[in-house]
Amino acid sequence: MFGFSRSQSIGFVIMLALIATSPFVLYPVFLMKVLCVALFACAFNLLIGYVGLMSFGHAAFYGMGGYLTAHAAKEWGLTPELSILVGGAVGAVLGLLFAWLAIRRQGLYFAMITLALAQMVYFFCLEAPFTGGENGIQQVPRGNLFGIIPLGSDMNMYWTVAGIFIIGFLLLHRVVYSPFGQVLKAIRENEPRAISLGYRTDDYKQIAFVLSATLAGIAGGTKALVFGIATLTDVNFTTSGDVVLITLLGGLGTIFGPVVGALVVVSMENYLAQFGSWVTVTQGAIFVVCVLLFRRGVIGELGGLLKLSL
Amino acid sequence: MFMIFGIPGPLLFGQLLLGLINGAFYALLSLGLAVIFGLLNIVNFAHGALFMMGAFCAWMLLEYLGIGYWWSLLLAPIIIGAFGILLEKTLISRLYKLDHLYGLLLTFGLAMVIEGLFRNQYGSSGLPYRIPPSLQGATDLGFMFMPNYRGWVVVAAAIVCFTTWALIERTRLGALLRAATENAPLVQSFGVNVPRMVTLTYGAGVGLAAFAGVLAAPIYSVNPNMGSNFIIVVFAVVVIGGMGSILGSIVTGFGLGVVEGLTKVFYPQASSTVIFVVMAIVLLIRPAGLFGRI
């Protein structure tokens, strides 16, 4: 139904089993962060892995999704699922705007334009009254899911986040393995040829970009609800860098890569936090090593070793 | 006190001067980026970090060796340029056959490593670097007081920018460089050592960044984040100007600095975003950039 190959089905079952059992072993809040970041990275991977578009501005969607979800939950009193959808809608609108501008240029320029636009969003968040400037939006209530299920307990919240992640993951996978996804891959491999076959490649890129931005907004919104706070950190360009690192480390254009990358990078940020700037140095070093020595990432290399597509 | 458009003259000219100074840094940095991009086809994300290293190099030369500003202005670009050559030789040169995005990712990682290391060693609060004695004080221009050092920054940046322009557009070496940008294998077949030229070009671009760093040291406090604050704006400047033309990136750099300065006077809230707005407008009207060729 979702176009999983056999090896991917096995991988998916293993992932589901891990999601179901890990909260009994590990701290649920940490796991929720991993899942939010993983969804963010999967959304990013749709662009870099399958369309070949390098967006260096995904923090804008993630961060703004977080701000608007927090605002909706706190000021408008919306239920969590609606607040998160508001976050997704903001991601979509911003994504439409970014894509409309950035698709005019290609390759490296595309990366620079998305980066610059995201920085504009960052400065907007710094100045706009509703974001609370340096303080961010704090004490965001988690509320009751569908108005019934209280999310105050970490376990309820965890299952909600896991549900959102799995829906997003399956949706992305479905898109990649649909006829639409095949056209995206054709654009990645050879854009002029795709054009000559009659595909309006700019439209395809735009749709993929909006989809990716929407899911990034949802991921950011979910994270804001989990932690009850939306801050400038999530709109900062370092967050855009993080998601690039996660996807590169896990494996560009692999379906499980971003998830594995998210697990590694978030754990690293969590457990090495006491070493301050060494985290940045380590992340930078991982970037350099990945680019020079293993460009296929963890899952890509594993897949190559087992001769499977993961 | 005289007024222009309802704004006190000294305020207006003061902000214009600040704008020109920022513009000078934009011009120097985007020039280096453009030269590197032209020949190596990579966007040097580490440019901001190398700019910061230039400033730190000047600070270290003074602090540990007692070497003053003027020698630093000469030595720091050479030292940091040599460091750039080392980076190019050992790391960047391995990526020329791959997708250009990997160059961006590699230099992004390098920037993280460099900035992280400096933050570890020196914290992020910033270190003071004193203005050299000969440039202290201010001059009365009649319509405003101009701090001498700030005037010097604008003049020095302009001289270096136009020297670089002349070197590239008016000398034989520059002609070779431009030819290699167009078609490297052809130039190589004429017996020019293109790989060496590529390495030296990277070194020169980095040297320009370091020179800007030394100029910036007395104005901004010397701190590990000073480069990343600049580099994203410089990317926008590069998109606006288009990387096709050397003169274009100089003019765009100075021009956008002035635009930013004026925005600070008339609508301060927008001063940090105005360059990005200009970028969006330019993309709508002239996607290739003001001076760019598609």
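All values below come from the heavy atoms of this structure, side chains included, with hydrogens, waters and symmetry mates left out. Below, chain A is the first sequence line, B the second, and so on; all start at residue 1.
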- Hey, do the aromatic rings of A/Phe56 and B/Phe108 have their centres closer than 6.0 Å? yes
- Message: Quick one, A/Phe287 and B/Leu105 - any side-chain contact, counting heavy atoms below 4.5 Å?
- Response: yes
- What part of B/Leu104 lies closer than 4.5 angstrom to a heavy atom of chain A: side chain, backbone, both or neither? side chain
- Query: In residues 246-271 of chain A, which residues are in contact with chain B at a heavy-atom separation under 4.5 Å?
  - Reply: A/Leu248, A/Leu252
- So which part of B/Val233 gets closer than 4.5 Å to some heavy atom of chain A, the side chain, the backbone, both or neither? neither
- Item | Approximate separation, where rounding is to 0.5 Å, of A/Ser240 OG and B/Ile232 CD1 | 8.5 Å
- Message: As an exercise: rank B/Ala270, B/Pro224, B/Gly116 by heavy-atom pairs under 4.5 Å with chain A and give me the winner.
- Response: B/Gly116
- Tell me, do A/Thr280 and B/Glu115 make a side-chain contact under 4.5 Å, heavy atoms counted? no
- Output for pair (A/Arg104 CZ, B/Arg286 CZ), nearest 0.5 Å, gives 14.0 Å
- Note on the structure: When the 4.5 angstrom heavy-atom criterion is applied to B/Tyr102 and chain A, the contacting part is both
- Query: How close do B/Val113 and A/Val281 get, heavy atom to heavy atom, and via which atoms?
  - Reply: CG2-O, 3.6 Å
- Query: So, for B/Met112 and A/Gln283, which heavy atoms are closest and what is the spacing to 0.1 Å?
  - Reply: CE-OE1, 3.4 Å
- Whether A/Phe237 and B/Phe45 hold their rings parallel, tilted or perpendicular, with breakpoints at 30° and 60°: parallel
- Item | Nearest non-hydrogen partners of B/Val239 and A/Arg105, listed with the distance | O-NH1, 4.2 Å
- Do other residues, nucleotides or ligands put more than 12 heavy atoms under 6.0 Å from A/Phe294 CZ? yes
- Query: Are the side chains of A/Ile113 and B/Phe276 in touch, meaning some heavy atoms are under 4.5 Å apart?
  - Reply: no
- Residue selection (most heavy-atom pairs with chain B, distance under 4.5 Å) from A/Ala102, A/Ala116, A/Gly241: A/Ala116
- Query: Can you tell me how far OG of B/Ser272 sits from OH of A/Tyr122, rounded to the nearest 0.5 angstrom?
  - Reply: 10.0 Å
- Task: Show the numbers, then the answer: is there a side-chain contact (heavy atoms from CB on, under 4.5 Å) between A/Ile48 and B/Leu101?
- Result: CA-CA 10 Å; A/Ile48 181 82; B/Leu101 282 178; 4.2 Å; yes
- Task: Start with the C-alpha distance between B/Val274 and A/Phe123, add both sets of side-chain angles, then the distance that settles side-chain contact (heavy atoms from CB on, under 4.5 Å), and finish with yes or no.
- Result: CA-CA 10 Å; B/Val274 65; A/Phe123 282 120; over 6 Å; no
- Query: Measuring heavy-atom distances to chain B, does A/Trp100 have an atom under 4.5 Å in its side chain, in its backbone, in both, or in neither?
  - Reply: side chain
- Query: Taking A/Gln119, A/Met54, A/Met120 one by one, which has the highest count of heavy-atom pairs under 4.5 Å against chain B?
  - Reply: A/Met120
- Message: Using a 3.5 Å distance criterion without hydrogens, assess whether the side chain of B/Arg94 forms a donor-acceptor pair with backbone atoms of A/Leu292.
- Response: no
- Quick one: closest heavy-atom pair of B/Asn120 and A/Ser277, and the distance? OD1-CB, 3.5 Å
- Query: Do B/Thr273 and A/Glu127 come within less than 4.5 Å of each other through their side chains, counting heavy atoms only?
  - Reply: no
- Quick one: what part of A/Val288 sits under 4.5 Å from any heavy atom of chain B, side chain, backbone, both or neither? both
- Heavy-atom distances under 4.5 Å only: say whether B/Asp99 touches chain A with side chain, backbone, both or neither. neither
- Query: Using non-hydrogen atoms only, which part of B/Leu91 is less than 4.5 Å away from chain A: side chain, backbone, both, or neither?
  - Reply: both
